[in-house]
Amino acid sequence: MKKLFLCLFALVCTSTFSFGQKTITLKSAVSESEFKQLDQIDQTIISFLDAGIFALKGMNLNKEFSKKSAVLNLAIKEKKLVSTFTIEDQSSEEPLNAQSCTICDMFSGIRCFRKIREQLENGTIILKVELISDCAVVTWN
């Protein structure tokens, strides 16, 4: 009976206190003060970019899903952001003339966002987000 009690106690402790479980830290690509200064469309773009990065980080905890990429299709039509968001298997092929930026911290996040926003002014943009170590690599054509 003591062994059963000790086993149940150990099971409750390990499940309650998350022993042996991996954790991740989620930080936005931009600071809170920068985010508040952006207009509604820009805030939505940042939110989608963050969501893609966060989804990939969460999926990386499960090795079966670690080779995925987030794909964001963005366009501005009639002063509104039109977007789609999907998770796909990573492909090794890079589009010709692809541009990219790497987000490792908030400073690189706002620089990357500015490049994306500039490209979005020219029309529809398809962003591909992949994780490499603790950084997110964003590629577009």
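Start at 1 with the first residue, then count along the sequence.
- Taking the side chain as every heavy atom from C-beta outward, Leu127 and Val71 never approach each other to under 4.5 Å.
- With rounding to the nearest 0.5 Å, the separation of CD in Gln99 from CG in Asn141 is 8.0 Å.
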Side chain to side chain contact (heavy atoms under 4.5 Å, CB included) evaluation trace for Trp140 with Ile116: CA-CA 8 Å; Trp140 65 91; Ile116 292 167; 3.9 Å; yes
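- Rounding to the nearest 0.5 angstrom, the gap separating the CG atom in Leu72 from the OG1 atom in Thr86 is 7.5 Å.
- Taking Ile, Leu, Val, Met, Phe, Trp and Tyr as members and joining any whose side-chain heavy atoms lie under 4.5 Å apart, directly or through other members, the hydrophobic cluster of Val137 also contains Ile132.
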Name the atoms and distances for all side-chain donor-acceptor pairs under 3.5 Å in residues 40-55, with sequence neighbours left out.
unit_1	atom_1	unit_2	atom_2	d
Asp42	OD1	Arg117	NE	2.4
Asp42	OD1	Arg117	NH2	3.3
Gln43	NE2	Phe35	O	2.9
Gln43	NE2	Leu38	O	3.3
Thr44	OG1	Gln40	O	2.9
Ser47	OG	Gln43	O	2.9
Asp50	OD1	Ala29	N	2.9
Asp50	OD2	Ser28	OG	2.6

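- The salt bridge (Lys or Arg N to Asp or Glu O under 4.0 Å) search around Asp134 returns none, not counting sequence neighbours.
- Residues passing the side chain to side chain donor-acceptor pair (under 3.5 Å) test with Glu32 are Lys36, sequence neighbours excluded.
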Below 3.5 Å, can you tabulate the donor-acceptor pairs from side chains in residues 101-114 to any protein atom, sequence neighbours excluded?
unit_1	atom_1	unit_2	atom_2	d
Asp105	OD1	Phe107	N	3.2
Asp105	OD1	Ser108	N	2.8
Asp105	OD1	Ser108	OG	2.9
Ser108	OG	Cys104	N	2.9
Ser108	OG	Asp105	N	3.1
Ser108	OG	Asp105	O	3.1

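- Counting only distance, with no hydrogens or angles, the side chain of Gln37 and the backbone of Glu34 share no donor-acceptor pair below 3.5 Å.
- Within the structure, side-chain hydrogen bond (donor to acceptor under 3.5 Å, both in side chains) contacts touching residues 67-83 (residues at least two apart or in different chains) are Lys68-Asp89.
- Heavy-atom neighbours of Glu121 CD from other residues, nucleotides or ligands within 6.0 Å: above the threshold of 12.
- Ile126 and Leu56 are assigned to two separate hydrophobic clusters, defined by single-linkage of ILVMFWY side chains at heavy-atom distances under 4.5 Å.
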